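Letters A, B, ... are given to chains in the order of the sequence lines, protein chains preceding strands, and every chain is numbered from 1. Not measured: the values here are computed from a predicted model.
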There are 2 protein chains.
Amino acid sequence: MLKLTKKADYGLMALKYLAEHPETPALSAKDLADAYGIPAQLLAKILQRLTKTGLLRSHAGMNGGYALARDARQISAYEVILAIDGPFFITSCTRGAKSCELTPSCTIKEPLARVNDTIAGVLKSISIHDLADREHSDAAPGRERQGLVTLTV
Amino acid sequence: MLKLTKKADYGLMALKYLAEHPETPALSAKDLADAYGIPAQLLAKILQRLTKTGLLRSHAGMNGGYALARDARQISAYEVILAIDGPFFITSCTRGAKSCELTPSCTIKEPLARVNDTIAGVLKSISIHDLADREHSDAAPGRERQGLVTLTV
DNA sequence: CTAAATAGGACCGTTCAAGTCGCATATTCG
DNA sequence: CGAATATGCGACTTGAACGGTCCTATTTAG
Ligand code: SF4
Ligand code: SF4
């Protein structure tokens with residue numbers, strides 16, 4: 001429950017790697033997969049998905065591969081998850097989805113929807129750049145980035 | 001992904017219902033199940049779990065049932081989820097869990113662990129009382145409860 | 001004693017994540 | 001041109017977890 005898909009996980013890793021190597025024009029799915037030991041074919045499909053949603057730009061053929069479509073600072077973890085796993089819903093009901101027989105009688109869906117939004121907000125406030133840059137945010141005090149999230153239950 | 005278990009969902013509903021009816025000494029699993037249309041047997045096991053972790057107090061026999069072990073204000077959504085679904089981890093690796101071959105080479109597990117803690121913090125800041133009382137927090141301005149969550153990536 | 005309740009184990013069907021395979025298409029290079 | 005790389009994409013398999021049911025034992029009020 002409340003667990004991130006490994007696909008999304010892999011996607012974040014790949015994007016982070018790309019963000020860390022801005023000089024290279026493009027990296028192939030295999031390169032990225034080898035860098036971490038991710039199944040190449042699987043990563044390929046993930047990257048294709050990210051390409052289709054506009055987070056990456058691809059180039060086929062020799063010396064082809066993928067590159068970030070935007071600055072790493074402007075790609076949020078939320079977008080990545082959304083692209084890979086589809087709409088972000090914490091419950092089985094929340095607006096847009098089907099499937100929960102007791103949606104009418106349920107009295108906690110509104111509060112949970114708010115929790116959903118809060119978590120989405122957290123994810124939106126995290127960019128690929130945040131993951132890539134500075135390994136130890138704790139080790140370098142005075143420069144921590146602080147995102148304030150307001151929770152209204 | 002990132003989806004709440006229906007069991008946790010049901011658990012929250014049940015606790016909320018109990019919080020809304022503090023006068024009654026105890027409500028049976030069947031009562032609670034009927035109130036929302038939840039499969040009774042399933043709810044029963046959930047309530048048993050909540051009892052074993054100390055969130056509820058149970059009483060067998062006729063006129064038996066369940067009651068909150070503490071004030072609704074002192075039971076967080078986090079505890080409920082923890083009790084029902086086990087340890088809260090957003091990734092497949094994060095400390096305590098097994099299963100992720102590439103934990104050593106992975107470079108995003110620390111940042112994700114921090115995200116994990118942030119979300120856990122959000123959940124911890126929500127009590128059963130918050131779910132139960134006041135249906136429309138938006139409809140009653142000036143009294144919104146605001147929980148500040150600091151996000152440090 | 002009996003009916004209503006909790007307690008808990010065994011079991012099962014469906015769904016979904018994770019990964020694999022195969023093939024088509026694009027592009028570069030010799 | 002044609003071979004070598006690459007992306008693009010759909011079908012498929014496997015395994016685990018979720019949601020749910022059933023059955024039995026035990027407690028307890030009336
Ligand atoms: S309607 Fe209620 S029970 Fe059904 S998924 Fe939404 S929150 Fe959970
Ligand atoms: S180690 Fe990295 S890839 Fe494996 S689960 Fe943790 S974060 Fe995801």
Side-chain angles (χ1 to χ4, degrees), chain A residues 1-11 13-14 24-34 37-53 56-67 69 81 84-87 89 91-93 97-102, chain B residues 1-11 13-14 24-34 36-53 56-67 69 81 84-87 89-93 97-102:
Chain A
M1 32 48 97
L2 250 337
K3 201 170 284 177
L4 215 60
T5 309
K6 260 188 177 176
K7 294 182 190 177
D9 210 337
Y10 294 162
M13 291 172 74
T24 65
L27 284 167
S28 77
K30 188 166 188 316
D31 292 338
L32 290 165
D34 289 349
I38 303 173
Q41 305 229 54
L42 185 54
L43 218 211
K45 266 199 305 201
I46 295 170
L47 295 172
Q48 287 165 24
R49 205 99 145 247
L50 292 173
T51 303
K52 219 164 47 169
T53 54
L56 289 179
R57 262 173 315 185
S58 67
H59 187 58
M62 285 185 84
N63 304 326
Y66 298 90
I81 296 174
I84 297 175
D85 289 337
F89 290 132
T91 57
S92 311
C93 60
K98 21 133 229 282
S99 80
C100 183
E101 316 302 320
L102 29 85
Chain B
M1 31 51 92
L2 249 337
K3 201 170 285 177
L4 215 61
T5 310
K6 258 187 178 176
K7 294 182 189 177
D9 210 338
Y10 294 160
M13 291 172 75
T24 67
L27 284 167
S28 76
K30 188 166 187 316
D31 292 338
L32 291 165
D34 288 349
Y36 294 110
I38 302 173
Q41 305 231 52
L42 183 54
L43 217 211
K45 267 197 303 200
I46 294 170
L47 295 173
Q48 286 164 25
R49 204 100 145 248
L50 292 173
T51 304
K52 221 165 43 170
T53 53
L56 289 178
R57 261 173 317 185
S58 67
H59 186 58
M62 285 186 85
N63 304 327
Y66 299 90
I81 295 174
I84 297 175
D85 289 337
F89 290 132
I90 232 169
T91 57
S92 310
C93 60
K98 21 131 229 284
S99 79
C100 184
E101 317 302 321
L102 29 85

*Measure from CG on B/D31 to C1' on C/dA4 and round the result to the nearest Å.*
11 Å
*Could I get the full list of side chain to side chain contact (heavy atoms under 4.5 Å, CB included) partners for B/T5, not counting sequence neighbours?*
A/M1, B/K7, B/A8, B/D85
*What residues, two or more places apart in sequence or in another chain, satisfy side chain to side chain donor-acceptor pair (under 3.5 Å) together with B/K45?*
none
Between the protein and nucleotides 25-28 of chain C, which nitrogen or oxygen pairs come in under 3.5 angstrom?
from	atom 1	to	atom 2	distance (Å)
C/dT28	OP1	A/H59	NE2	3.0

*Mind checking side chain to side chain donor-acceptor pair (under 3.5 Å) for A/S28 and listing every partner two or more places apart, or none if nothing turns up?*
A/D31
*Give the rounded distance in Å between these two atoms: NZ of B/K3 and C1' of D/dA17.*
14 Å
_Is there a side-chain contact between A/Q48 and A/S58 in this structure, where contact means two heavy atoms from C-beta onward sitting under 4.5 Å apart?_
no
*Do any side-chain nitrogens or oxygens of A/S58 fall under 4.0 Å of OP1 or OP2 in D/dG8?*
yes
*asked:* What contact category does B/A44 fall into here, base, sugar-phosphate, or nothing, at under 4.0 angstrom with non-hydrogen atoms?
replied: nothing
*In whole angstrom, what separates B/I84's CD1 from D/dC18's C1'?*
14 Å
*Length of the CG-P vector between B/D9 and D/dG20, whole Å*: 11 Å
*Taking only side-chain nitrogens and oxygens of B/T51, does any of them come within less than 4.0 Å of OP1 or OP2 of C/dT6?*
no
*Over how many whole Å does the gap from B/L47 atom CG to C/dA5 atom P extend?*
13 Å
*Between B/I38 (CD1) and D/dT21 (P), how many Å, whole number?*
12 Å
_Atom-to-atom span, CD of B/Q48 to P of D/dA25 - whole angstrom_ = 16 Å
*Rounded to whole angstrom units, what separation is found between the CZ atom of B/R57 and the P atom of D/dT28?*
15 Å
*Which parts of nucleotides 14-24 of chain C does protein reach within less than 4.0 Å, heavy atoms only, written one letter per nucleotide 5' to 3' as B for base, S for sugar-phosphate only and - for none?*
---SSBBB---
*Could you pull out all residues at least two apart from A/D34 that satisfy side chain to side chain donor-acceptor pair (under 3.5 Å)?*
A/K30
